[in-house]
**Q** 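Could you have a look at this structure, given as structure tokens, before my questions?
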Amino acid sequence: MQGYQKISEALKKSEGERVKVRGWIYRTRSSGKLAFVTVRDESGIIQVIVEKGKLPDEDFNSARKALIESSVEVEGTVHEDERAPNGRELHATSFHVIHFAEDFPITKDQSMEFLLDNRHLWLRSRKLTTILKIRSTLTGAIHEFFRNHDFYEFHPPILQPSQCEGGATLFEVNYYGGKTYLSQSWQLYAEAAIFALERVYDVAPTFRAERSKTSRHLSEFWMAEMEAAWFDLKEVTEFAKKEVKFIIKKILEKHEEDLRFLGREPETLKEMLDKKWPTIKYREALEILKKDGMEVPFGKDLRTIEEQKLMEHFDTPVVVTHYPKEAMAFYKPRDPDHPDEALCFDMLAPEGYGEIVGGSQRSTDINELIESLQKQGEDVEKYEWYLDLRRYGSVPHSGYGLGVERSLAWICKLDNIKDAIPFPRTITRKYP
RNA sequence: GCCGGCGUAGCUCAGUCUGGUGGAGCACUCGGCUGUUAACCGAGCGGUCACCGGUUCAAAUCCGGUCGCCGGCGCCA
């Protein structure tokens, strides 16, 4: 007999075949001479029938005694039975407990706070296991997409001396007695890289010390960013749409059942792939909102409530471009044809999930950059290295960042972004 | 930073309005049961009522403060 099999494979065996599986006890019930123990592994769950007399008494007693989450090795024969959860079950001829678990603290009654306190154990739940599998497919798809398009993976520093996004707050780090900060974007460094590699991308952690307390914010999250020489706004927005569609396609290929389990109908996503995703200008968005009775003056960024209202008109992601220059970060260039607008964009997800991508063409006008930095109260001297990029063979270029957790939360239809990352970090949570 | 909600057994909650010996279900332990589906039946174990102070003969309950967590807004991926 060969070695251990995945439970998903054991479930495919035919009547009477012998298999060996190992995993963790998912549920257990017992009567006097019969115990039902469901065992889970990474791949699935199988019901094991442990019947007194059909295996050593020692094994039977272990099976009766072992609590939920005990680790076990089971050998037996596969039998079809309509009473079994998957229509098939395992009749044990041996049942070995590798470790008898203590009382597992997580039971059927659960609160958000308790599950977050016990995140290290809650990871084993079907919900989080499923999400983590899809997350792995998502980041894998990002790597595949960019490599397919001749991008190099480029690694920026995580410790950075200055900020890049205006307004956002930085985490300060004691750096040999001096100060440095955790990265809130790779962008400035990526801009340096395009003069060498032309097309670069990265999937990396990002840190924002914003005091946001919502189901859409994390203090530590992952961003998939790209930066490409010679791309203009039009090209980069279409490229972003292509990337997100590719991600969805890859997830649909592997995870239809997983998505259903999470409450997301795969059909909804499939339909989006066939549709054209609109690009509208910020000014057009204001017009739409005005018809809905929401008057937003030009110059203000769209707020959550306005984004949600806007997205009621669409059933696919939408790219919004040309936000007002004054509200934007210093590196976003003025549109030469409309000087009050910036050549930038956001991609908004439907169903209230909000912004999942943000990006722009980059300003190549060194004087405009200096002026914007000064206006934001920045110390221009700290950005000298960045300004050098505009002094030696400057070229038009663009880039964007995709929020991994926000995208995942939308694709999986999660209630809370915290479930899109294994160990969420928020303003009030850094344990476990 | 602003606004709101919550905090009682390991977990989920009732009890607080109207002060008077702290409860239920689940989990766990023991016993019973040869087909359970987050099993069932019986018994048992289990408490700093978040913390500090005040009012009162008496406080989980009323008053003041503190802390913790969750959510919404602003800001952002």
Side-chain angles (χ1 to χ4, degrees), chain A residues 26-38 45 47-54 60 64-65 67-69 79 81-87 89 91 101-118 121 125-126 163-169 184-187 203-225 240 300-308 327-329 346-349 353-359 400-410 415-418 420-421 424 426-429 431:
Chain A
Y26 183 67
R27 299 280 183 265
T28 172
R29 288 172 283 275
S30 68
S31 53
K33 291 168 184 165
L34 190 60
F36 302 91
V37 182
T38 49
I45 299 176
Q47 170 160 279
V48 178
I49 308 299
V50 188
E51 193 173 349
K52 198 175 169 73
K54 299 267 174 88
F60 177 76
R64 277 194 53 162
K65 216 173 74 185
L67 301 181
I68 285 175
E69 289 304 321
H79 291 276
D81 193 313
E82 60 183 18
R83 292 167 296 189
N86 291 309
E89 61 189 14
H91 289 215
E102 296 177 24
D103 269 20
F104 199 63
I106 301 175
T107 63
K108 69 170 185 176
D109 296 311
Q110 302 154 348
S111 65
M112 172 81 105
E113 180 177 357
F114 185 73
L115 294 178
L116 286 167
D117 283 340
N118 290 280
L121 302 177
S125 68
R126 287 184 74 189
Q163 76 165 17
C164 141
E165 300 290 335
T169 324
Q184 59 172 200
S185 171
W186 82 326
Q187 187 198 315
V203 185
T206 299
F207 305 89
R208 302 267 168 99
E210 295 158 4
R211 306 183 80 78
S212 301
K213 297 195 220 176
T214 80
S215 54
R216 298 181 308 282
H217 287 86
L218 294 166
S219 301
E220 174 183 319
F221 63 98
W222 287 65
M223 215 159 21
E225 301 181 270
K300 291 203 70 173
D301 206 347
L302 295 182
R303 295 177 307 168
T304 308
I305 187 170
E306 287 139 10
E307 283 184 2
Q308 285 172 356
M328 293 293 117
D346 281 352
M347 186 188 293
L348 307 177
Y353 283 90
E355 185 181 347
I356 54 171
V357 177
Y400 62 82
L402 173 145
V404 167
E405 288 77 14
R406 283 200 182 167
S407 300
L408 188 62
W410 165 56
D415 296 334
N416 199 307
I417 198 168
K418 293 190 187 80
I421 188 165
T426 68
I427 181 170
T428 52
R429 183 168 287 281
Y431 177 92

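In what follows, every chain begins at residue 1, and chains take the letters A, B, ... in the order their sequences are listed. Every value quoted in this text rests on a predicted model; they were computed, and no experiment measured them.
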**Q** For A/Arg303 and B/rG74, is the shortest distance between a side-chain N/O and OP1 or OP2 below 4.0 Å?
**A** yes
**Q** Does A/Thr214 put a side-chain nitrogen or oxygen below 4.0 Å from OP1 or OP2 of B/rC73?
**A** no
**Q** Which is true for A/His79 with a 4.0 Å heavy-atom rule: it touches a base, it touches only sugar-phosphate, or it touches nothing?
**A** nothing
**Q** If I pick the P atom on B/rC17 and the same atom on B/rG7, what distance separates them, to the nearest angstrom?
**A** 14 Å
**Q** Hunt down the Watson-Crick or G-U wobble partner of B/rG42, both distances under 3.5 Å, from any strand shown, or write none.
**A** B/rC30
**Q** For A/Lys300 and for A/Lys108, find the nucleotide of RNA chain B with the closest heavy atom, then tell me which residue's nucleotide is more 5'.
**A** A/Lys108
**Q** Is the distance from OP1 or OP2 of B/rG71 to the nearest side-chain N or O of A/Lys418 less than 4.0 Å?
**A** yes
**Q** So A/Phe114, base contact, sugar-phosphate only, or nothing? Heavy-atom distance under 4.0 Å.
**A** sugar-phosphate
**Q** What nucleic acid atoms does A/Asp346 come within less than 4.0 Å of, heavy atoms only: base, sugar-phosphate, or nothing?
**A** nothing
**Q** Indicate, yes or no, whether a donor-acceptor pair under 3.5 Å links the base of B/rC73 to the side chain of A/Thr304.
**A** no
**Q** In whole angstrom, what separates A/Asp301's CG from B/rC73's P?
**A** 14 Å
**Q** Should B/rC73 form a Watson-Crick or G-U wobble pair with both distances under 3.5 Å, which nucleotide is its partner?
**A** B/rG1
**Q** Taking B/rG68 as the reference, what is the distance to B/rG23 when you measure between their P atoms (whole Å, please)?
**A** 32 Å
**Q** Rounded to the nearest angstrom, tell me the gap between atom CG in A/Asn416 and atom C1' in B/rG71.
**A** 9 Å
**Q** For atom P, what is the distance between B/rA50 and B/rG10, given to the nearest Å?
**A** 13 Å
**Q** May I ask you to say what A/Glu405 touches in the nucleic acid, namely base, sugar-phosphate or nothing, with a heavy-atom cut-off under 4.0 Å?
**A** nothing
**Q** Taking the same atom, C1', in B/rU37 and in B/rA24, what whole-Å distance lies between them?
**A** 25 Å
**Q** Below 3.5 Å, does any donor atom in the side chain of A/Gln47 face an acceptor in the base of B/rU37, or the other way round?
**A** no
**Q** Whether A/Arg211 contacts B/rC76 is assessed here as follows: a side-chain N or O lying under 4.0 Å from the phosphate OP1 or OP2. Is that the case?
**A** no
**Q** Side chain of A/Pro85 only, heavy atoms from C-beta on: which candidate in B/rA77, B/rU37, B/rC26 is closest?
**A** B/rU37
**Q** Across all strands, who's sitting opposite B/rU18 as a Watson-Crick or G-U wobble pair, both distances under 3.5 Å?
**A** none
**Q** By the 4.0 Å heavy-atom rule, please label A/Val404 as base, sugar-phosphate, or nothing.
**A** nothing
**Q** Heavy atoms from C-beta onward define the side chain here; which of B/rC75, B/rG35, B/rC28 lies closest to that of A/Leu34?
**A** B/rG35
**Q** What integer number of Å spans the C1' atoms of B/rC57 and B/rC40?
**A** 49 Å
**Q** What's the CD-P distance between A/Glu210 and B/rC73, to the nearest Å?
**A** 14 Å
**Q** Could you give the CG-to-C1' distance, from A/Asn118 to B/rC69, as a whole number of Å?
**A** 14 Å
**Q** Look at the side chain of A/Glu89 against the base of B/rG35 and say whether a donor-acceptor pair falls under 3.5 Å; ignore hydrogens and angles.
**A** yes
**Q** Nearest of B/rC69, B/rG35, B/rC76 to any side-chain atom of A/Glu113?
**A** B/rC69
**Q** Rounding to an integer number of Å, can you tell me how far A/Arg64 CZ sits from B/rU36 P?
**A** 17 Å
**Q** Quick check: any donor-acceptor pair below 3.5 Å linking the side-chain of A/Ser212 to the base of B/rG74?
**A** yes
**Q** Hey, is the side chain of A/Ser111 poking within less than 4.0 Å of OP1 or OP2 on B/rU12, counting only N and O atoms?
**A** yes
**Q** What is the distance, rounded to the nearest whole Å, between atom OH of A/Tyr26 and atom C1' of B/rA27?
**A** 16 Å
**Q** Mind checking if A/Leu116 touches a base, just sugar-phosphate, or nothing, with heavy atoms under 4.0 Å?
**A** sugar-phosphate
**Q** ring-ring contact (aromatic ring centres under 6.0 Å, His included) with A/His217: which residues, sequence neighbours excluded?
**A** none
**Q** Between B/rU36, B/rG74, B/rA27, spot the one nearest the side chain of A/Ile305, thanks.
**A** B/rG74
**Q** Out of B/rC28, B/rC73, B/rC70, which has the shortest distance to the side chain of A/Leu67?
**A** B/rC28
**Q** When we call it a touch if two heavy atoms are under 4.0 Å apart, what does A/Glu102 touch: a base, just sugar-phosphate, or nothing?
**A** nothing
**Q** On the nucleotide B/rC70, are OP1 or OP2 found under 4.0 Å from the side-chain N or O atoms that A/Thr428 carries?
**A** yes
**Q** Closest to the A/Arg27 side chain: B/rA38, B/rC75, B/rA27?
**A** B/rA38
**Q** Do the side chain of A/Asp81 and the main chain of A/Arg83 share a donor and acceptor less than 3.5 angstrom apart?
**A** yes
**Q** Round to the nearest Å and state the distance from A/Glu306 atom CD to B/rG74 atom C1'.
**A** 11 Å
**Q** When rounded to the nearest Å, what value does the distance between P atoms of B/rU55 and B/rA60 take?
**A** 16 Å
**Q** Applying a 3.5 Å limit to both distances, which nucleotide forms a Watson-Crick or G-U wobble pair with B/rG47?
**A** none
**Q** Counting only Watson-Crick pairs (N1-N3 plus N6-O4 or O6-N4) and G-U wobbles (N1-O2, O6-N3), all under 3.5 Å, who is the partner of B/rG7?
**A** B/rC67
**Q** Within the 4.0 Å heavy-atom criterion, would you say A/Ser30 contacts the bases, only the backbone, or no part of the nucleic acid?
**A** base
**Q** May I have the distance from A/Asp117 (atom CG) to B/rG7 (atom C1'), rounded to whole angstrom?
**A** 13 Å
**Q** Looking only at atom P, what distance separates B/rC67 and B/rG31, rounded to whole Å?
**A** 50 Å
**Q** Go through the side-chain N and O atoms of A/Glu225 and A/Ser185 and say whether any donor and acceptor fall under 3.5 Å apart.
**A** yes
